[in-house]
Amino acid sequence: MKITDVDVWVVNLPLVNPFTSSFETKTGETRTVVRIRTDAGTEGWGETMWGAPVAAIVRQMIPDLIGTSPFARESFFRKQHMVPFFYGYLGYAATAAVDVACWDAMGKATGQSVTDLLGGAVRDEVPLTALITRADAPGATSAGLPAAMAEHAVRVVTEGGFTAVKLKGTRDWEGDVAILRAVRAALPEVNLRVDPNAAWSVPDSVRAGIALEELDLEYLEDPCTGIEGMSQVKAKVRIPLCTNMCVVRFEEFAPAVRLNAVDVIHGDVYKWGGIAATKALAAHCETFGLGMNLHSGGELGIATAAHLAVVASTPVLSRAIDSMYYLHADDIIEPLHLENGRLRVPSGPGLGVRVDEDKLRHYAGVNEREGDLTG
């Protein structure tokens with residue numbers, strides 16, 4: 001079985017509501033979608049982060065991809081090993097798009113789900129984290145913001161059945177602490193987290209961490225920048241530290257372990273360069289006694305299905321994962337349904353999802369008119 005054709009689209013899809021972090025406000029997602037076709041009539045679909053720059057890198061890879069087997073991933077990606085070196089995150093994202101499409105094709109060719117190809121299911125459903133931001137309380141005064149955010153969190157948990165809540169933090173660490181206190185008082189049983197995306201200084205991270213210790217957070221994610229900074233915070237704060245920013249390549253794993261900088265690492269198929277890389281990260285985490293979870297970069301249905309397959313087949317991924325999937329207003333597949341705060345892992349061959357090509361073309365047309373979304 002050989003790859004004969006590769007198609008690439010860039011799509012824009014809206015979010016239900018604006019999503020605010022410490023560095024941007026997003027109203028939608030731009031994603032790159034890849035389809036491979038083989039001489040056996042098999043299709044494989046992949047989807048990854050970002051738009052035009054990633055799509056351009058994927059297109060550069062096509063001549064080397066044509067004529068290879070989807071099963072020959074190791075030799076292909078060895079040949080493409082300089083792509084992440086030259087392009088960084090964009091290169092990892094482009095590599096992941098092709099990787100996921102190959103896994104989907106392998107599953108369809110063998111009649112197996114990607115979950116089964118990865119070792120079989122250890123869970124059939126995956127809990128998601130409720131993601132809350134200050135944009136969820138429009139019009140609230142500074143004094144009234146904690147109460148408004150707590151009310152919103154209660155509503156989201158009650159309606160969605162979530163067991164974990166994560167606040168996207170801001171540069172205002174004192175305001176974030178006040179919000180978290182209000183949320184904890186309103187939801188004493190949920191797993192609570194905060195992620196300011198490294199917006200706090202090391203001293204402020206220590207102050208915030210000490211102030212938050214009484215709230216029994218599941219973890220504090222990326223309060224400050226860098227492995228060294230995280231190590232300093234970890235030495236003074238008893239809350240477990242998580243990262244999606246200072247350990248994002250295997251080259252950074254050993255320094256983080258030596259400096260005792262983190263307790264939990266967020267993997268991501270699209271930031272780490274593919275499914276096998278994410279599984280390898282899980283093995284590293286288990287070997288060194290670290291926890292692991294999954295980051296969300298705004299996955300639509302194809303990418304979410306790949307994340308679900310990884311979680312379903314990986315014992316260490318036992319926490320409620322980050323996923324913005326439920327925040328999208330539409331999808332390019334027959335939608336996955338959130339029930340009791342969980343997504344069921346697709347069980348069909350490959351990724352187990354069907355792409356709606358009419359919607360794919362529609363949202364590709366939106367991108368052609370609007371360009372890539374930047375916030």
Side-chain angles (χ1 to χ4, degrees), residues 7-15 19 26 28-36 43-51 53-55 57-58 89-107 113-115 117-118 126 128-129 131 244 248 266-279 281 293-314 317 321-338 343-346 348 350-357 359-360 363-364 367 372-373:
D7 298 303
V8 183
W9 298 264
V10 179
V11 297
N12 288 5
L13 272 85
L15 294 172
F19 187 84
K26 301 168 66 171
E29 297 288 354
T30 294
R31 306 286 291 184
T32 293
V33 179
V34 174
R35 177 179 62 192
I36 63 173
E43 289 186 346
W45 290 89
E47 174 215 321
T48 193
M49 302 172 71
W50 301 307
V54 171
I57 298 170
V58 173
Y89 276 172
L90 299 177
Y92 283 114
T95 300
V98 174
D99 177 75
V100 170
C102 287
W103 279 100
D104 189 35
M106 287 190 288
S113 68
V114 173
T115 300
L117 294 180
L118 293 173
V126 176
L128 305 190
T129 306
L131 305 172
N244 157 61
V248 294
H266 267 194
D268 185 316
V269 166
Y270 310 98
K271 288 184 70 174
W272 283 80
I275 287 174
T278 309
K279 291 284 285 188
L281 174 63
N293 206 352
L294 286 193
H295 162 262
S296 178
E299 300 82 20
L300 305 178
I302 299 170
T304 297
H307 269 190
L308 293 176
V310 170
V311 178
S313 61
T314 309
L317 286 168
I321 67 168
D322 282 5
S323 175
M324 293 182 65
Y325 182 75
Y326 74 99
L327 297 175
H328 290 102
D330 202 357
D331 201 355
I332 56 172
I333 68 164
E334 294 180 354
L336 304 168
H337 295 291
L338 185 73
L343 291 176
R344 178 161 287 278
V345 180
L351 295 173
V353 298
R354 190 185 74 81
V355 175
D356 184 328
E357 295 190 40
K359 286 191 174 182
L360 174 65
Y363 288 112
N367 176 266
D372 291 0
L373 299 172

Using a 3.5 Å distance criterion without hydrogens, assess whether the side chain of [X] forms a donor-acceptor pair with backbone atoms of [Y].
| X | Y | result |
| --- | --- | --- |
| Thr95 | Gly273 | no |
| Asn12 | Thr30 | no |
| Thr48 | Ala93 | yes |
| Asp331 | Gly301 | yes |
| Lys26 | Gly298 | no |
| Thr32 | Gly51 | yes |
| Ser296 | Met324 | yes |
| Thr129 | Ile321 | yes |
| Glu299 | Gly297 | yes |
| Ser313 | Val310 | yes |

Nearest heavy-atom pair of [X] and [Y]: which atoms, and what distance?
| X | Y | result |
| --- | --- | --- |
| Ala364 | Val11 | N-CG1, 3.7 Å |
| Asp99 | Gly274 | OD2-CA, 3.3 Å |
| Arg344 | Leu308 | O-CD1, 3.9 Å |
| Ser323 | Leu128 | CB-CD2, 3.8 Å |
| Gly91 | Ile57 | N-CD1, 4.1 Å |
| Gly352 | Pro346 | O-CB, 3.7 Å |

Does a side-chain N-to-carboxylate-O contact under 4.0 Å join Asp330 and Lys359?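 Yes, charged N to carboxylate O under 4.0 Å.
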
Is Glu47 salt-bridged to Arg35, cutoff N-O under 4.0 Å?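 No, this pair does not count.
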
Just how far is it from atom [atom1] of [X] to atom [atom2] of [Y], taken to the nearest 0.5 Å?
| X | Y | atom1 | atom2 | result |
| --- | --- | --- | --- | --- |
| Glu334 | Asp356 | CD | CG | 7.5 Å |
| Leu281 | Trp272 | CG | CH2 | 4.5 Å |
| Asn244 | Asp268 | CG | CG | 7.0 Å |
| Leu131 | Phe19 | CG | CZ | 5.0 Å |

Could you tell me if the side chain of [Y] sits less than 4.5 Å from the side chain of [X], heavy atoms only?
| X | Y | value |
| --- | --- | --- |
| Ile302 | Ile333 | yes |
| Pro335 | Tyr326 | no |
| Glu29 | Leu373 | no |
| Val98 | Ile36 | no |

For the residue pair His266 and His295, categorise the inter-ring angle as parallel (less than 30°), tilted (30 to 60°) or perpendicular (more than 60°).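 Judged by the thresholds at 30° and 60°, the geometry between His266 and His295 is tilted.
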
Would Arg31 count as a cation-pi partner of Tyr270, with NZ or CZ less than 6.0 Å from the six-membered ring centre and within 45° of the ring normal?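 Cation-pi check for Arg31 and Tyr270: passes.
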
Do Tyr325 and His307 make the cut of ring centroids closer than 6.0 angstrom?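 No, the ring of Tyr325 stays outside the 6.0 Å limit from the ring of His307, centre to centre.
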
Using the rule given for side chain to side chain donor-acceptor pair (under 3.5 Å), can you reason through Asn367 versus Asp372, listing the C-alpha separation, both sets of side-chain angles and the distance that settles it, and then say yes or no? CA-CA 6 Å; Asn367 176 266; Asp372 291 0; 3.0 Å; yes

